[in-house]
Amino acid sequence: MIEITEEEIYLPEMIERARSKDAGAIVTFLGTVRDDGIEMLEVEAFREAALAELRAIEKEAMSRFSLKAVEVAHRTGSLAVGESIVAIVCSAGHRQEAFSGCRYIIDELKKRAPLWKKERGVRGERWVGHDEPAGK
Amino acid sequence: MIEITEEEIYLPEMIERARSKDAGAIVTFLGTVRDDGIEMLEVEAFREAALAELRAIEKEAMSRFSLKAVEVAHRTGSLAVGESIVAIVCSAGHRQEAFSGCRYIIDELKKRAPLWKKERGVRGERWVGHDEPAGK
Amino acid sequence: MRIVVLAFANFREILGKKREMEIKEGATIGDLLGELAAANQPFRVAAFDDSGALRDYVLIMVNRKRVSPALELSRPLQDGDELAIFPPLAGG
Amino acid sequence: MRIVVLAFANFREILGKKREMEIKEGATIGDLLGELAAANQPFRVAAFDDSGALRDYVLIMVNRKRVSPALELSRPLQDGDELAIFPPLAGG
């Protein structure tokens, strides 16, 4: 299941959905809000385009790494330090495939899915990943 | 926390223990019983030696990959298809470290920790990982 | 013709999340961005440099497909197109 | 002197999990394995090949440290040592 959600991510259910008789390995990536002088993180999505991109990435990962199941959940909205931003679960017959698949999905998600993060903290606010435009 | 246990592994608690303000990434490996014509898997440990080896591996991983937290649980006893044999959770500032640390720990565990598995299934019984001695 | 304009992240803060614009038949992606810039000084400063060239960090999708600003600013839009404007991606 | 012998996996099935053995002062790792083999035919067949050499898949720990059968069979044991016998590892 692929989802972009305002609700808290509940990883245990995702892992249970990925568990299967023909899987010997389940690898999970959880991205959490790290305290770099941050108070809150705002996450914004171009929802329809991000879902389409995540479905494309899932399909690529399934076939490249012979995955048995893929689960992706990306949170949007206001997150506190320690909360989960993104969770990815990949199951496969063997651990090499599950690790590679999970790594592939998070790397591609970061490159390709239209999602943005704004840090609110002690040093003010900033959008992550690019210099502030001169006009702001 | 490092443990070798007869009880079912409860991964969500391990992940919550690994979550921290200075961690941005938590990577989890879960090894499960794959159905290769298996009915049950028996897992046996040289418990004291395996715990010592797992603590050594944890220490190496913490320092090599700057991990914030490591959790390892290895199950012993009779396991059914789909059940968890081993769970490893690594948290780190960034995802590269968390992935590398988790991968390192499972690879070293398989090479170095005195643990054994016996498959019971449709083709009879066999100890995993070595040819049967002539006398059996 | 009518174009739906979506904006995200810092561009949403300047332009609002969604608006519908009426532009003349045959107008290009560049024409639409020019109209937005003419009507909105903060957007002009954020999106264009002093020589009037689109800044590198301005990313564009038309109908949820990325377009290359370097090559496709002169591409004509169609009635009903959805154009999205956003900065470099930073999910996960 | 007294040695605690632990066995795991297929060797546990043959030898039992734990036994205490009395062996003569100065006896080596090889001496102890030889005594076990002399007393237990299935162990002899499982652990030694036809030429009497220890099979490669027999792994040994003394006091929870791996010893190299190729180099250390002639190492003397000490009173109270714990010797563990097991096949190649297969955890995880």
Side-chain angles (χ1 to χ4, degrees), chain A residues 9-39 41 68-69 71 79-107 109-110 117 119 121 128, chain B residues 9-39 41 68-69 71 79-107 109-110 117 119 121 128:
Chain A
I9 294 174
Y10 194 56
L11 183 59
E13 283 178 3
M14 296 171 67
I15 293 174
E16 290 317 307
R17 282 196 297 268
R19 198 187 286 269
S20 72
K21 295 177 76 159
D22 54 353
I26 304 174
V27 171
T28 297
F29 174 78
L30 194 62
T32 57
V33 182
R34 193 175 57 244
D35 185 2
D36 296 328
I38 290 178
E39 281 150 14
L41 189 74
K68 305 295 183 188
E71 294 277 326
L79 279 71
V81 167
E83 282 195 271
S84 301
I85 307 165
V86 61
I88 297 166
V89 182
C90 292
S91 63
H94 300 275
R95 72 187 186 282
Q96 292 80 352
E97 301 158 341
F99 270 109
S100 300
C102 193
R103 187 71 196 258
Y104 179 82
I105 293 172
I106 183 61
D107 288 351
L109 180 156
K110 282 182 177 264
K117 293 185 293 206
E119 298 176 351
V128 178
Chain B
I9 294 174
Y10 194 56
L11 183 60
E13 282 179 3
M14 296 171 67
I15 293 174
E16 290 316 307
R17 283 197 297 269
R19 199 187 284 269
S20 72
K21 294 177 75 159
D22 54 354
I26 304 173
V27 171
T28 297
F29 174 78
L30 195 62
T32 57
V33 182
R34 194 178 54 243
D35 185 2
D36 296 327
I38 291 178
E39 279 150 16
L41 189 75
K68 306 296 183 188
E71 295 276 327
L79 279 70
V81 167
E83 282 197 270
S84 301
I85 306 166
V86 61
I88 296 166
V89 182
C90 291
S91 63
H94 299 275
R95 71 187 187 281
Q96 293 81 353
E97 302 158 340
F99 271 109
S100 300
C102 193
R103 187 71 197 257
Y104 179 81
I105 293 172
I106 183 61
D107 288 349
L109 180 155
K110 283 181 177 264
K117 292 183 295 205
E119 298 176 351
V128 178

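Chain A is the first sequence line, chain B the second, and so forth, proteins listed ahead of strands; every chain is numbered from 1. Atom set for the values below is all heavy atoms of this structure, side chains included, hydrogens, waters and symmetry mates excluded.
Between chain B and the options A25(A), G82(A), A23(A), the largest number of non-hydrogen pairs under 4.5 Å is found for A23(A). Counting heavy-atom pairs closer than 4.5 Å to chain B, the top-ranked of the candidates D35(A), V89(A), I26(A) is I26(A). If you tally non-hydrogen atom pairs under 4.5 Å between each of L11(B), V86(B), L30(B) and chain A, the highest count goes to L30(B). Annotation: maximal heavy-atom pairing with chain A below 4.5 Å, among I85(B), D22(B), V33(B), V27(B), occurs at V27(B). Most heavy-atom pairs under 4.5 Å with chain A, from the set R34(B), H94(B), R103(B): that is R34(B). Of the listed residues (A87(B), G93(B), S20(B), G31(B)), the one with the most heavy-atom contacts under 4.5 Å to chain A is G93(B).
When all heavy atoms are compared, the tightest approach of A69(B) to A18(B) is CB-CA, 4.0 Å. Nearest heavy-atom pair across A92(A) and A98(A) is CB-N, 3.7 Å.
A distance of 4.0 Å separates CD of E16(B) from CZ of R19(B), quoted to the nearest 0.5 Å. With values rounded to the nearest 0.5 angstrom, C102(A) atom SG is found 9.5 Å from D107(A) atom CG. One finds the CD atom of E119(A) at 3.5 Å from the CD1 atom of I38(A) (value rounded to the nearest 0.5 Å). Rounding to the nearest 0.5 Å places CD1 of I106(A) at 4.0 Å from CD1 of I88(A).
For chain B, the nearby part of E83(A) is the backbone; its heavy atoms alone come within less than 4.5 Å. Contacts of I15(A) with chain B are made by side-chain atoms alone, with heavy-atom separations under 4.5 Å and no backbone atom involved. Of the atoms belonging to V81(A), it is side-chain heavy atoms, and not backbone ones, that fall under 4.5 Å from chain B. Interface remark: S91(A) contributes no atoms to any contact with chain B (heavy atom separation under 4.5 Å). Neither the backbone nor the side chain of K68(A) comes within less than 4.5 Å of any heavy atom in chain B. Both the backbone and the side chain of R95(A) come within contact range of chain B, with heavy atoms under 4.5 Å apart. Within the 4.5 angstrom heavy-atom criterion, no atom of D36(A) approaches chain B.
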- Message: I'd like to know whether L79(A) forms a side-chain contact (heavy atoms from CB on, under 4.5 Å) with K117(A), so could you lay out the CA-CA distance, the side-chain angles of the two residues, the decisive distance to 0.1 Å, and finally the verdict.
- Response: CA-CA 10 Å; L79(A) 279 71; K117(A) 293 185 293 206; over 6 Å; no

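Counted within 6.0 Å of NZ on K21(A), heavy atoms from surrounding residues, nucleotides or ligands total 12 or fewer; the atom is thus considered open.
Between F29(A) and F99(B), the two ring planes are parallel [angle under 30°; tilted spans 30° to 60°].
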